[in-house]
Amino acid sequence: MARIVMKFGGTSMAGTERIRRVARIVQRQQAAGHEVAVVVSAMAGETDRLVNFCREANPLYDPAEYDVVVASGEQVTSGLLAMHLQALGCKARSWLGWQLPIHTDDAHSKARIEGIDSEAVLASMASGEIAVIPGFQGVSDKGRVTTLGRGGSDTSAVAVAAAVKADRCDIYTDVDGVYTTDPRIVAKARKLKNVTYEEMLELASVGSKVLQTRSVSLAMKEGVRVQVLSSFIDDDAPAADTIPGTMIVSDEELEGLDMERQLITGIAADKNEAKITLTRISDRPGAVAAIFGPLAAANINVDMIIQNIAKDKGETDVTFTVPLADLARAQALLEERKDTIGYYRMLANSKVAKISVVGVGMRSHAGVAATMFRALADRGINIQAITTSEIKVSVLIDEDETELAVRVLHTAYEMDGE
Ligand code: ADP
Ligand code: ASP
Ligand code: MG
């Protein structure tokens, strides 16, 4: 017997038929002799709909009230799943974030989990009851509802799994595992049996939204075993215990499993970045500090940065990227400081995409970046900026070339499946 936390995403919870299927999957897991707790997302599209209502109410809405509104999507699905489980003859009840409670800080709309009181879930599981917990939500120490940021139900599930010391956290979604790249973009993407925490963390942070980045770092920190698998399965599909999906494993574990490791594990694309160039900045100490200091103070995350070498007049151009959602704010801020920074013109481009290749194999192999640049050049794709880390190379390109670039790289690194 194992203790398993099962999480179901938005597409899996979208409507009566799908929730009924989810209830059967949960029932089957319990019938196999396991103690189970479930974490659910809102129905697909619901959170977007609720966010829009907030924007319509007031573009500068109060984040605390935003949380009250957007947390409601998960309240609905947790109650509905408990009903479906009861209809199948299971004992089940919902536990809202404030009821467990799931304690968070009070950074509304992007709160962090500080701790979960696990007694209720443990007692519930021990008595054969299925605890259904809405993902994405918690409660601050001021007693107000909070939410964890988009995609946050993954993090809720991992946090619950850590709190109840679960043997496994199964993340059920609309694809049957983690692929070498988004299978909706590249038909030849291959499913990975295993991926390391570190690689998954890097992939998630550069745009593979199959898992929320924070859920991966939490799983890594707490040592939670996470499997990604499909909820779109028939009753006779292989049981989750046979690990039909993708298992997130430690580096050491993978060494034992996979002798022939691939150089590149995955490719991700992110269209939510924008590029800013400030021209003719004087090439002197303190010049870049004058740009990035104020952006940091305004909580705007700068990702890629290039500073060209000074030309004849001791002037240089600086190019960098910011999240698309922060572009307008960044522009306004830099415009305000035009004289202090001392640039000539500000150019902005929101039609860019960041393409990243990730793999722990690149630690011990040279030439990964060179292959990337050659493959993109051969297709006439221009690179506007580059960044690297120990296990990742990212390039910034024209947004219109996103799909082409991902496909070309998938082939160049010999990752194509059938
Ligand atoms: P859920 O609602 O279940 O949380 P998400 O939409 O958040 O589901 O995540 C699943 C989606 O992630 C898939 O439908 C797929 O399009 C996308 N995705 C992006 N990159 C990958 C990848 N490398 N492997 C699998 N899915 C990916
Ligand atoms: N419903 C929330 C969202 O759409 C949380 C989640 O689904 O993980 O972002
Ligand atoms: Mg998700």
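In each ligand, atom 1 is the first atom listed, and ligand 1 is the first ligand listed.
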Flag the pair F292 / F320 as yes when their ring centroid distance falls below 6.0 Å, and as no otherwise.
-> yes
Can you tell me which residue and heavy atom of the protein come closest to atom 8 (O) of ligand 1, and the distance to 0.1 Å?
-> T173 OG1, 3.1 Å
Which residue holds the protein heavy atom closest to atom 4 (O) of ligand 2, what is that atom called, and what is the gap in Å?
-> R150 NH2, 2.9 Å
Test L334 against I276 for side-chain contact (heavy atoms from CB on, under 4.5 Å), laying out the working first.
-> CA-CA 10 Å; L334 294 167; I276 296 178; 4.2 Å; yes
Heavy-atom contact under 4.0 Å between G10 and ligand 2?
-> no
Considering only non-hydrogen protein atoms, determine which one is nearest to atom 2 (O) of ligand 1 and report residue, atom name and distance to 0.1 Å.
-> G10 N, 3.0 Å
Please indicate whether any nitrogen or oxygen in E74 is less than 3.5 Å from any nitrogen or oxygen in ligand 2.
-> yes
Ligand 1 versus T181: contacting region, heavy-atom distance under 4.0 Å = backbone
Pick from V178, I185, D182: the one approaching atom 19 (C) of ligand 1 most closely through a non-hydrogen atom = D182
D398 vs N382 side-chain heavy atoms within contact, under 4.5 Å = no
Polar atom proximity, F136 to ligand 2 (N or O, under 3.5 Å) = no
Considering only heavy atoms of D174, which atoms of ligand 1 have at least one such atom less than 4.0 Å away?
-> 10 (C), 11 (C), 13 (C), 14 (O)
Any side-chain heavy-atom pair of L148 and Q137 under 4.5 Å = no
Shortest protein contact, atom 25 (C) of ligand 1 (heavy atom only) = G177 O, 3.4 Å
Answer whether the closest heavy-atom distance between the side chains of R18 and M13 falls below 4.5 Å.
-> no
Looking at ligand 2, does G151 have a heavy atom less than 4.0 Å from it?
-> yes
Between the CG atom in L254 and the NZ atom in K193, the distance rounded to the nearest 0.5 Å is 12.5 Å
min-distance protein heavy atom vs atom 7 (O) of ligand 2 -> S41 OG, 3.0 Å
For atom CZ of R112, is the number of surrounding heavy atoms from other residues, nucleotides or ligands below 6.0 Å larger than 12?
-> no
Do NZ/NE/NH1/NH2 and the carboxylate oxygens of K271 and E403 come within less than 4.0 Å?
-> yes
Atom 4 (O) of ligand 1 sits nearest the protein heavy atom K7 NZ, 3.3 Å
Under-4.0 Å heavy-atom contact with ligand 2, by part of Q212 that carries it = neither
If you round to the nearest 0.5 Å, how far is CG of L203 from OG of S356?
-> 8.5 Å
Can you check whether T47 has an N/O within less than 3.5 Å of an N/O in ligand 2?
-> yes
Inter-residue atom distance K392.NZ - T388.OG1, 0.5 Å rounding | 8.5 Å
Can you list the atoms of ligand 1 that are under 4.0 Å from a heavy atom of V210?
-> 9 (O), 12 (O), 26 (N), 27 (C)
Tell me which protein heavy atom sits closest to atom 6 (O) of ligand 1, plus the residue, atom name and distance to 0.1 Å.
-> K209 NZ, 3.1 Å
Under a 4.0 Å heavy-atom limit, does P183 contact ligand 1 with its side chain, its backbone, both, or neither?
-> side chain
Near R345 CZ, under 6.0 Å, is it more than 12 heavy atoms from other residues, nucleotides or ligands?
-> no
Go through the steps for E418 and K188 under the test side-chain contact (heavy atoms from CB on, under 4.5 Å), then give the verdict.
-> CA-CA 6 Å; E418 290 313 304; K188 288 178 177 168; over 6 Å; no
Nearest non-hydrogen protein atom, atom 6 (C) of ligand 2 = S153 OG, 3.3 Å
Output the list of atoms in ligand 1 that are nearer than 4.0 Å to some heavy atom of Y179, sorted by atom number.
-> 22 (C), 23 (N), 24 (N), 25 (C)
